[in-house]
Amino acid sequence: MNDTLHFPPATGIGSLPGTDAREAAKAATGSFEDFPHLPELPARGPGADMIGRTAGLLVELYARVEPSGWRIGDRPGRDTRRARSWLGEDLDALEEFTQGYEGLLKVQAVGPWTLAAALELRNGEAALSDPGACRDLAASLAEGLRLHLEEVRRRVPGARLVLQLDEPSLTAVLRGQVKTASGYRTHRAVDRQTVEGTLRDVVGMHDGGPVVVHSCAPDVPFALLRRAGVAGISFDFSLLTERDDEAIGEAVEGGTRLFAGVVPGADAPLSDPAGSVMGVRTLWRRLGLRPGLLPEAVTVTPACGLAGASPGYARSAYAHCVRAARSLADNPE
């Protein structure tokens with residue numbers, strides 16, 4: 001699949017500042033004409049945040065807001081209805097700005113392990129503490145995502161959908177660093193094969209379509225994600241260390257697309273576009289990879305979602321990603 005798929009040079013991560021769905025859809029489709037994404041607007045409140053939004057997609061599992069966070073409950077309540085209503089508003093806006101669009105379109109949801117680390121069971125502990133709950137959650141998520149992608153296809157029939165799974169807690173899950181409800185202990189590390197198998201099941205739900213996993217945490221498990229069948233890995237480029245070199249080199253040679261987050265996710269001075277991708281070129285030289293491969297292997301993005309940025313900066317960051325990607329293509333050396 002990776003051999004035939006040509007990812008465009010730049011896109012966004014997902015979240016944007018503000019509360020206006022039409023404004024956000026206009027920014028995401030206008031900035032990335034050949035790789036727009038469905039925006040998320042967490043500033044609207046619970047249910048628009050990434051955990052609540054994905055909880056609203058679950059099938060036969062429901063969640064409600066408690067003072068400690070999102071907790072799994074028996075039936076859909078006000079919080080589920082709110083999450084689904086906002087998602088509907090976002091899809092309406094996206095549909096309006098993608099009339100006649102044909103090409104790749106990215107939609108984002110929280111992946112199974114970050115969801116298991118964030119959603120509480122009735123006893124207040126994370127679903128992560130119960131292997132059976134993790135399995136049920138992953139199955140519910142896979143079915144919910146299948147239905148969600150069907151709905152997006154119905155609204156934007158010419159698009160080829162790319163699913164992005166947001167997994168910022170993945171490394172913490174693998175290392176046993178997710179805190180218990182008391183905050184004094186941590187949940188034990190989940191077996192790597194279990195983590196990989198669950199991800200493979202959720203990735204496989206996309207019916208041969210490309211799945212990208214995004215994590216803006218350090219130590220992204222590149223090799224594990226590749227074995228789970230992802231087409232691309234999205235990460236904060238500034239958090240890479242030379243320890244990641246071998247895994248990145250193998251990923252590129254294996255045809256995995258790198259979504260390199262090189263533009264800051266919060267208001268910051270933006271260097272010239274060529275300067276933003278200088279680190280990518282340096283990495284390429286260090287790995288001994290062919291410069292001409294750069295534009296074929298890398299999509300330029302912000303380092304993380306832009307929910308915490310000012311609206312003006314978010315628009316500038318998107319334009320900067322496009323210019324930085326062009327600089328990489330024009331001058332890969």
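The distance from atom CD of Q193 to atom CG of L224, rounded to the nearest 0.5 Å, is 10.0 Å. Remark: L240 CG to L283 CG distance equals 7.0 Å, nearest 0.5 Å. Atom CD of E102 and atom CG of D34 lie 13.5 Å apart (nearest 0.5 Å). Distance NE2/H206 to CZ/R146: 13.0 Å, rounded to 0.5 Å. Once rounded to the nearest 0.5 Å, the distance linking NZ of K179 with CZ of R185 reads 12.0 Å. Interatomic distance, CZ of R122 versus CD of E66, reported as 11.5 Å (0.5 Å rounding).
A heavy-atom distance below 4.5 Å is found between the side chains of L163 and M205. Side-chain contact between T198 and V190 is absent, with no heavy-atom pair separated by less than 4.5 Å. Within the 4.5 Å cutoff, the side chain of P46 has heavy atoms near those of the R82 side chain. Looking only at side-chain heavy atoms (C-beta outward), L270 and S276 stay at 4.5 Å or farther from each other. E60 places none of its side-chain heavy atoms less than 4.5 Å from the side chain of E143. Counting heavy atoms from C-beta outward, D244 and F235 have side chains that stay 4.5 Å or more apart. Annotation: side chain of L174 is not in contact with side chain of W113 (no heavy-atom distance under 4.5 Å). I72 is not listed as a side-chain neighbour of Y62, based on a closest heavy-atom distance of 4.5 Å or more.
Enclosure of atom CZ in R286 by more than 12 non-hydrogen atoms of other residues, nucleotides or ligands within 6.0 angstrom is indicated. Under a cut-off of 6.0 angstrom, the local environment of CZ in R22 is sparse, with at most 12 non-hydrogen atoms contributed by other residues, nucleotides or ligands. Dense packing is recorded around CD of Q177, with more than 12 heavy atoms of other residues, nucleotides or ligands lying under 6.0 Å away. Counting heavy atoms of neighbouring residues, nucleotides and ligands inside a 6.0 Å radius, atom CG of D207 does not exceed 12 of them.
Nearest heavy atoms, V263 versus C321: CG2-SG, 3.7 Å. The shortest heavy-atom contact between G292 and P295 is O-CD, 3.6 Å. The two residues T19 and L41 make their nearest non-hydrogen contact at C-CD1, 3.8 Å. What you find for L58 and L115 is that their closest heavy atoms are CD2-CD2, 4.1 Å. Looking at every heavy atom in both residues, D166 comes nearest to P168 through C-CD, 3.3 Å. Considering every non-hydrogen atom in both A43 and G18, the closest pair reads CB-O, 3.6 Å.
The closest donor-acceptor contact from the side chain of E125 to the backbone of A181 lies under 3.5 Å. Using modelled atom types, one side-chain atom of T299 and one backbone atom of P8 make a donor-acceptor pair closer than 3.5 Å. Checking side-chain atoms of R257 against main-chain N and O of E296 turns up a donor-acceptor pair under 3.5 Å. Of the possible donor and acceptor atoms, none in the side chain of E196 sits under 3.5 Å from a partner among the backbone N and O of A228. Judged by distance alone, the side chain of K106 and the main-chain N or O of G12 form a donor-acceptor pair under 3.5 Å. Judged by distance alone, with hydrogens and angles left aside, the side-chain atoms of S31 form a donor-acceptor pair with the main-chain N or O of A27 at under 3.5 Å. A side-chain donor-acceptor contact under 3.5 Å links T54 to the backbone of M50. Between the S169 side chain and the A172 main chain, no donor and acceptor come within less than 3.5 Å of each other. E33 places no side-chain N or O within donor-acceptor distance of the main-chain N or O of T29, the cut-off being under 3.5 Å. No donor-acceptor pair under 3.5 Å is formed between the side chain of D267 and the backbone N or O of Y313.
By the criterion of side-chain heavy atoms lying less than 4.5 angstrom apart, applied directly or through intervening Ile, Leu, Val, Met, Phe, Trp or Tyr residues, V152 is not grouped with W86; the two fall into different hydrophobic clusters. Residues L57 and V59 do not share a hydrophobic cluster, clusters being chains of Ile/Leu/Val/Met/Phe/Trp/Tyr side chains in contact below 4.5 Å. A chain of hydrophobic side-chain contacts below 4.5 Å, direct or via other Ile, Leu, Val, Met, Phe, Trp or Tyr residues, connects L16 to V300. In the hydrophobic clustering of this structure, V262 groups with L287; members are Ile, Leu, Val, Met, Phe, Trp, Tyr whose side-chain heavy atoms approach within less than 4.5 Å, directly or through other members. A chain of hydrophobic side-chain contacts below 4.5 Å, direct or via other Ile, Leu, Val, Met, Phe, Trp or Tyr residues, connects V277 to L289.
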Assess whether side chain to side chain contact (heavy atoms under 4.5 Å, CB included) is satisfied between L105 and L94, documenting all intermediate values.
CA-CA 10 Å; L105 169 65; L94 182 76; 4.0 Å; yes
Show, in sequence, the C-alpha distance, side-chain angles and deciding distance for D92 and R155, and conclude whether the salt bridge (charged side-chain N to carboxylate O under 4.0 Å, His left out) test is met.
CA-CA 8 Å; D92 288 345; R155 288 168 175 267; 2.8 Å; yes
Given side chain to side chain contact (heavy atoms under 4.5 Å, CB included), test I13 with Q108 step by step and report yes or no.
CA-CA 8 Å; I13 293 297; Q108 306 82 219; over 6 Å; no
Report the C-alpha separation of T301 and H214 in whole Å, then their side-chain angles, then the decisive distance to 0.1 Å, and conclude whether the side chain to side chain contact (heavy atoms under 4.5 Å, CB included) test is met.
CA-CA 11 Å; T301 71; H214 167 70; over 6 Å; no
Would L87 and L38 satisfy side chain to side chain contact (heavy atoms under 4.5 Å, CB included), going step by step from the backbone distance to the final call?
CA-CA 10 Å; L87 179 59; L38 175 64; 4.1 Å; yes
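Salt-bridge check for R44 with D90: passed, with a basic side-chain N closer than 4.0 Å to an acidic carboxylate O. Electrostatic pairing of R153 and E150 does not count as a salt bridge here, judged by no charged N lying under 4.0 Å from a carboxylate O. In this structure, D219 pairs ionically with R243, as a charged nitrogen and a carboxylate oxygen lie closer than 4.0 Å.
Side-chain polar atoms of Q164 and S234 form no donor-acceptor pair below 3.5 angstrom.
Ring orientation note: the planes of F32 and H37 are tilted relative to one another, at an angle of 30° to 60°.
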